[in-house]
Structure formats: structure tokens, C-alpha cells
Amino acid sequence: QVQLVESGGGLVQPGGSLRLSCAASVRTFITYAVVWFRHAPRKERVFVAAINWSGSNKNYPDSVKGRFTISRDNAKNTVYLQMNSLKPEDTAVYYCAADRYYTYCPENMNYWGKGTLVTVSS
């Protein structure tokens with residue numbers, strides 16, 4: 001069983017930056033792909049960044065490409081999401097999820113964190 005804990009959320013002004021962390025409870029996490037999703041009020045949950053087990057493959061939707069960067073430190077069992085140039089529409093609860101397979105589909109992710117709230121507002 002993999003437990004994931006997100007941290008780093010908070011209130012930030014438009015144009016600001018935040019770095020989210022997703023820490024895993026087990027060493028086998030380094031063999032898992034990890035995806036960040038976000039869920040905004042009255043909207044569907046969507047993927048915002050994905051990374052394979054080694055960090056050699058990363059993907060982003062157009063809405064965040066060039067602003068968000070996903071990375072991982074397998075020595076620390078942690079995946080990060082660096083978010084720059086934040087916009088009010090980035091406001092959401094951000095979740096990390098892990099699975100042995102590289103997929104963006106939330107229904108296919110086996111392990112989830114409880115989320116961290118990001119609010120972008122002046």
C-alpha cells in the first residue's frame with residue numbers, strides 16, 4: 001500500500017509561484033508513475049502534469065505547459081510540482097496520484113493523496 005501526502009498549497013497572488021510536494025510512504029514509489037490532478041469547484045478533475053518512474057518522460061496539458069514543471073527525487077520518495085505565473089483559474093485542490101503504469105486517466109490511478117488547496121487571488 002502506497003500512502004501519498006501532498007503539501008505546499010496556499011494562497012498566492014496572480015503571477016506568483018508555489019511548489020507542491022508529494023511524499024510517498026514506501027520505497028517502491030520510485031517504480032511508479034505519478035500524476036498531478038486538480039479539481040476546481042464545479043469543474044471536472046483534470047490532469048496537470050505527469051512523470052514516469054525515472055523522470056525521463058513528462059507530459060502537461062496546454063493549459064499549464066510552460067508554467068508548471070513536474071520533477072521527482074527518488075532518493076527522497078518525493079515528486080514536486082513547480083507552478084509559476086499562477087492565474088486565478090489555477091485555483092483548485094491539487095492531488096497527486098501514483099500507479100505502476102504511465103497514464104493520465106484518474107480512473108486508472110491506484111493510489112491518491114488527500115489533496116492540497118491552491119488559491120490564486122489578489
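Starting from 1, each residue takes its place in the sequence as its number. If you're wondering where the values come from, they're calculated on a predicted model, not measured in any experiment. Atom set for the values below is all heavy atoms of this structure, side chains included, hydrogens, waters and symmetry mates excluded.
Between the Glu6 side chain and the Cys96 main chain, a donor and an acceptor come within less than 3.5 Å of each other. Between the Asn57 side chain and the Asn52 main chain, no donor and acceptor come within less than 3.5 Å of each other. The backbone N or O of Ser85 lies less than 3.5 Å from a partner atom in the side chain of Arg67, making a donor-acceptor pair. With hydrogens and angles disregarded, a donor-acceptor distance shorter than 3.5 Å links the side chain of Thr78 to the backbone of Lys76. One N or O on the side chain of Asn77 and one on the backbone of Val26 form a donor-acceptor pair closer than 3.5 Å. Of the possible polar contacts, none joining the Ser122 side chain to the Gln13 backbone as a donor-acceptor pair under 3.5 Å is found. Within the 3.5 Å criterion, the main-chain N or O of Ile70 finds a donor-acceptor partner in the side chain of Lys58. Within the 3.5 Å criterion, the main-chain N or O of Pro14 finds no donor-acceptor partner in the side chain of Asp90.
Checked against side chain to side chain donor-acceptor pair (under 3.5 Å), Arg19 has no partners two or more places apart in sequence or in another chain. Qualifying salt bridge (charged side-chain N to carboxylate O under 4.0 Å, His left out) partners for Lys65, counting only residues two or more places apart in sequence or in other chains: Asp62.
Checking Asn108 against Tyr101 by side-chain atom types alone, no donor-acceptor pair falls below 3.5 Å. In summary, the side chains of Asn59 and Tyr102 do present a donor paired with an acceptor at a separation below 3.5 Å, with no hydrogens or angles considered.
Interatomic distance, Phe68 CZ to Ser17 OG, rounded to the nearest 0.5 Å: 9.5 Å. How far CE of Met109 is from OH of Tyr32: 10.5 Å, rounded to the nearest 0.5 Å.
Shown here for Tyr60 and Thr69, the closest heavy-atom pair between the two residues is OH-CA, 3.4 Å. Leu4 and Ala98 get closest at one heavy-atom pair: CD1-N, 3.8 Å.
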>> I'd like to know whether Val48 forms a side-chain contact (heavy atoms from CB on, under 4.5 Å) with Tyr95, so could you lay out the CA-CA distance, the side-chain angles of the two residues, the decisive distance to 0.1 Å, and finally the verdict.
In response: CA-CA 10 Å; Val48 295; Tyr95 299 88; over 6 Å; no
> Should Asn110 and Arg100 be marked as a side-chain contact (heavy atoms from CB on, under 4.5 Å) after you check the CA-CA gap, both sets of side-chain angles, and the distance that decides it?
Replying inline: CA-CA 8 Å; Asn110 264 320; Arg100 291 192 179 278; over 6 Å; no
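Each disulfide (SG to SG under 2.5 Å) pair with one or both residues in residues 25-88, not counting sequence neighbours, would appear here, but there are none.
Looking only at side-chain heavy atoms (C-beta outward), Val64 and Arg38 come within less than 4.5 Å of each other.
Ring planes of Phe47 and Tyr104: parallel class, angle under 30° (limits at 30 and 60°).
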